[in-house]
Novice: 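Here you go, one structure.
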Amino acid sequence: QVQLVESGGGLVQTGGSLRLSCAASGRSFRTYGMGWFRQAPGLERAFVAAIDSSGVPVNYADSVRGRFTISRDNTKNTVYLQMNKLEPEDTAVYYCAASRIPHYSGLRLDDYGYWGQGTQVTVSS
């Protein structure tokens, strides 16, 4: 089992920035592809960004490309999501996930076998 804990959420104004962190337990973190997903009120959980175990390649949802940056530090067992130019539409609970497929950086929820409990991001207008 892999334990994932998100942090860094909060309340910001439109145009502001937040940096989310996902800390993973275990010795195998460097072998997992990692993803960020979000779920807004009344909507299904949606893909945000993903990163391969080595850090390349990375993938982004069209709605966040150019504003969000995913990165990882395998020496710290941590993946990050830097969110800039935040908009009210970004308001959601953000979840960190670990892929069950080696060297994965895709967008399918069913391909991620381990999930954190989420951190709330609220963007006010």
Novice: Would you please classify the geometry between the Tyr32 ring and the Tyr114 ring as parallel, tilted or perpendicular, with 30° and 60° separating the classes?
Specialist: perpendicular
Novice: Using modelled atom types only, decide if a donor and an acceptor are shared between the side chain of Arg72 and the backbone of Gly33 within a distance under 3.5 Å.
Specialist: no
Novice: What residues, two or more places apart in sequence or in another chain, satisfy ring-ring contact (aromatic ring centres under 6.0 Å, His included) together with Phe37?
Specialist: Phe47, Tyr112, Trp115
Novice: Applying side chain to side chain contact (heavy atoms under 4.5 Å, CB included), run through Val64 and Arg38 and close with a yes or a no.
Specialist: CA-CA 12 Å; Val64 307; Arg38 65 187 182 185; 3.9 Å; yes
Novice: Answer yes or no: are there more than 12 heavy-atom neighbours, outside Gln120 itself, under 6.0 Å from its atom CD?
Specialist: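 Yes - once you tally the heavy atoms of other residues, nucleotides and ligands closer than 6.0 Å, there are more than 12.
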Novice: Testing the basics here: between Ile51 and Ser105, what is the closest heavy-atom pair and its distance to 0.1 Å?
Specialist: C-CB, 3.9 Å
Novice: How long is the span from the SG atom in Cys96 to the CD1 atom in Ile70, to the nearest 0.5 Å?
Specialist: 8.0 Å
Novice: Identify the heavy atoms of Ala24 and Leu4 that sit nearest to each other, and give their distance.
Specialist: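 Scanning both residues, the minimum pair turns out to be CB-CD2, 3.6 Å.
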Novice: For Ser17 and Lys85, which heavy atoms make the closest approach, and how far apart are they?
Specialist: OG-N, 4.3 Å
Novice: Measure across Tyr95 and Gly116 and return the closest heavy-atom pair with its distance rounded to 0.1 Å.
Specialist: CD2-O, 3.6 Å
Novice: Please determine whether the number of non-hydrogen atoms from other residues, nucleotides or ligands lying under 6.0 Å from atom CZ of Arg108 exceeds 12.
Specialist: no
Novice: Before giving the answer on side chain to side chain contact (heavy atoms under 4.5 Å, CB included), spell out for Phe29 and Met34 the whole-Å C-alpha distance, their side-chain angles and the decisive distance to 0.1 Å.
Specialist: CA-CA 9 Å; Phe29 172 79; Met34 300 295 295; 3.9 Å; yes
Novice: Any donor-acceptor pair under 3.5 Å linking the side chain of Glu6 with the backbone of Gly118?
Specialist: yes
Novice: What distance separates Leu18 CG from Asp90 CG, expressed to the nearest 0.5 Å?
Specialist: 10.0 Å
Novice: Heavy-atom distance under 4.5 Å between the side chains of Val123 and Val121, does that happen here?
Specialist: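 Val123 reaches Val121 side chain to side chain.
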Novice: For the residue pair Pro41 and Thr91, what are the closest heavy atoms and their distance?
Specialist: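 For Pro41 and Thr91, the tightest heavy-atom pair comes out as CD-O, 4.5 Å.
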